[in-house]
Amino acid sequence: MIPAAFDYEVAESTDHAIALLGAREDAKLLAGGHSLLPAMKLRLSRPACLIDVGRITDLSYVLEEADSIAIGALTRHKDVTAAALLREHCPIVSHAAGQVGDPQVRHRGTIGGSLAHGDPASDLPAVILALHGELVARGPAGDRAIPAREFFTGVFQTALAPEEVLVEIRVPKLGPSTGWSYTKMSRRAQDWATVAVAAVVERSNGSIERASVALANMGATPIQATATEKAIAEGGSIDDASALAAEGTEPPSDHAASADFRAHLARVLTKRALEEAATR
Ligand SMILES: Cc1cc2nc3c(=O)[nH]c(=O)nc-3n(C[C@H](O)[C@H](O)[C@H](O)COP(=O)(O)OP(=O)(O)OC[C@H]3O[C@@H](n4cnc5c(N)ncnc54)[C@H](O)[C@@H]3O)c2cc1C
C-alpha cells in the first residue's frame, strides 16, 4: 500500500502544468488524487512525477453560456452537486455528482479527474456522454474541443494527448421538453456503479420521441445504448426499447457481478431510467 517513489511539482497555472508535462518524463497530473493515489498505492500506476494542479483555482467554476453550461475541470464533485446553474439548467449532472462515492470523495475528487481517468464504471462519464457534452483540452498548441463520444477510448484511456490538460466540460442547457434520469445500482452505498444508466429524452404529448441513453460499466468505455435509442426513435415502447439495452455491449465479470447479470441490470435500469425520464 505504499506507492513507488516519485517526484512532485506544484503547477501554479494551467500553462505551467502544460510546460511541466512537456518537461518531465512519465509525469501525471494530480487533481483530487482519489483515483490516482489508490492506483499508485496498489502499484497499478507508477508515474515518475506528479504535477499537482489542485491549487489552480481558476479551473474551478460553473458558468452560464448561451446554450450551455461550462464547468471548470477542477470543480470538485461537491461543488458540481451544489451548483445552482446546473440544478436549474442541467440537473442530471449535479444529481449524478451527488452519487459519486461518499462525502469525503466528493470533497476532494474533481469532475475533470473523473473524466480524464477514463474508468468505465465512473458516474460522470456516462452522464456527459448521454448529454452529448464536449470536453476542452488545452496543450502546447492551444485549446481543442473533443465530443464526449470521441473522448473515451478504452479502459483508463482517453483522447487526451500526454501534454494536454482537460480544462473544461460543456453540457447543454436542457429545455422544458427534456426529461432525464441517472439510475445507478451498486452493492454498497459509496461504491462505483455495478451498472448505471444515464437517460436524456425529448418528450412530446406525454411520450418519448427521442432518447440518448449511456451505460456505465458495460464495456471498456461508457457506451451509448444505440439499439435502445433507435427503437425509441422508431416509436417502440419503453419495454421493447429497454429490452435491447445490452445489445453490442461487452460487460465485465468481477467480484460485483457476472457479465450476464450486468446485461440483465442494463435492461432493468434502462427501463426504470426511461420511465423516470418520461415524467421528470
Ligand atoms: C472510496 C472511493 C469511492 C469512489 N466512488 C466513486 C463512485 O461511486 N463513482 C465515481 O464515479 N467515482 C468514484 N470514485 C472516484 C472519484 O470520483 C475520483 O474523484 C475521480 O475518479 C478522480 O478525480 P480526482 O480529481 O480525484 O483525480 P485524480 O485521482 O487526481 O486523477 C485521476 C486521473 O486523471 C488525471 N487528471 C486529473 N485531472 C486532470 C485534468 N484536469 N486533465 C488531465 N488529466 C487529469 C490524472 O493524471 C490521473 O491520471 C471513488 C473514489 C474513492 C477513493
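Counting starts at 1 for both ligands and their atoms, in listed order.
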Heavy-atom side-chain contact between [X] and [Y] under 4.5 Å:
X: S68; Y: P172; value: no
X: E168; Y: L135; value: no
X: T194; Y: R187; value: yes
X: V53; Y: L59; value: no
X: C90; Y: I92; value: yes
X: F6; Y: P47; value: no
X: Y182; Y: D123; value: yes
X: E229; Y: V213; value: yes

Specify the closest pair of heavy atoms between [X] and [Y], including all atoms of both residues, with the distance to one decimal.
X: T228; Y: A241; result: OG1-O, 2.8 Å
X: R76; Y: R108; result: NH1-O, 2.6 Å
X: V100; Y: L124; result: CG2-CD1, 4.3 Å
X: G219; Y: P120; result: O-CB, 3.3 Å

Residue and atom name of the nearest protein heavy atom (relative to [atom]), distance in Å to one decimal:
atom: atom 14 (N) of ligand 1; value: W192 CZ2, 3.2 Å
atom: atom 44 (N) of ligand 1; value: A116 CB, 3.3 Å
atom: atom 49 (O) of ligand 1; value: K28 NZ, 3.4 Å
atom: atom 42 (N) of ligand 1; value: L166 N, 2.8 Å
atom: atom 16 (C) of ligand 1; value: V105 CG1, 3.7 Å
atom: atom 33 (C) of ligand 1; value: H117 ND1, 3.7 Å
atom: atom 47 (O) of ligand 1; value: L29 O, 2.6 Å
atom: atom 17 (O) of ligand 1; value: H77 NE2, 3.1 Å

Are any of the N/O atoms in [X] less than 3.5 Å from those in ligand 1?
X: H34; answer: yes
X: G101; answer: yes
X: L124; answer: no
X: L74; answer: no
X: R108; answer: no
X: A193; answer: no
X: L36; answer: yes
X: V165; answer: no
X: D123; answer: yes

Give the atom numbers and elements of ligand 1 that come within less than 4.0 Å of a heavy atom of [X].
X: G32; result: 24 (P), 25 (O), 26 (O), 27 (O), 30 (O)
X: Q190; result: 3 (C), 5 (N), 8 (O)
X: D191; result: 8 (O)
X: S35; result: 15 (C), 18 (C), 20 (C), 21 (O), 22 (C), 26 (O), 29 (O)
X: G33; result: 24 (P), 26 (O), 27 (O), 28 (P), 29 (O), 30 (O)

When you measure from the heavy atoms of [X] to every atom of ligand 1, does any distance fall below 4.0 Å?
X: L160; result: yes
X: R106; result: no
X: Q104; result: no

Salt bridge [X]-[Y], side-chain N to carboxylate O under 4.0 Å:
X: E12; Y: R55; value: no
X: E64; Y: K173; value: yes
X: D254; Y: R262; value: yes
X: E234; Y: K230; value: yes

Out of G113, P38, A161, whose heavy atom sits nearest atom 27 (O) of ligand 1?
G113

Which part of R188 is near ligand 1, with near meaning a heavy atom under 4.0 Å away: side chain, backbone, both or neither?
neither

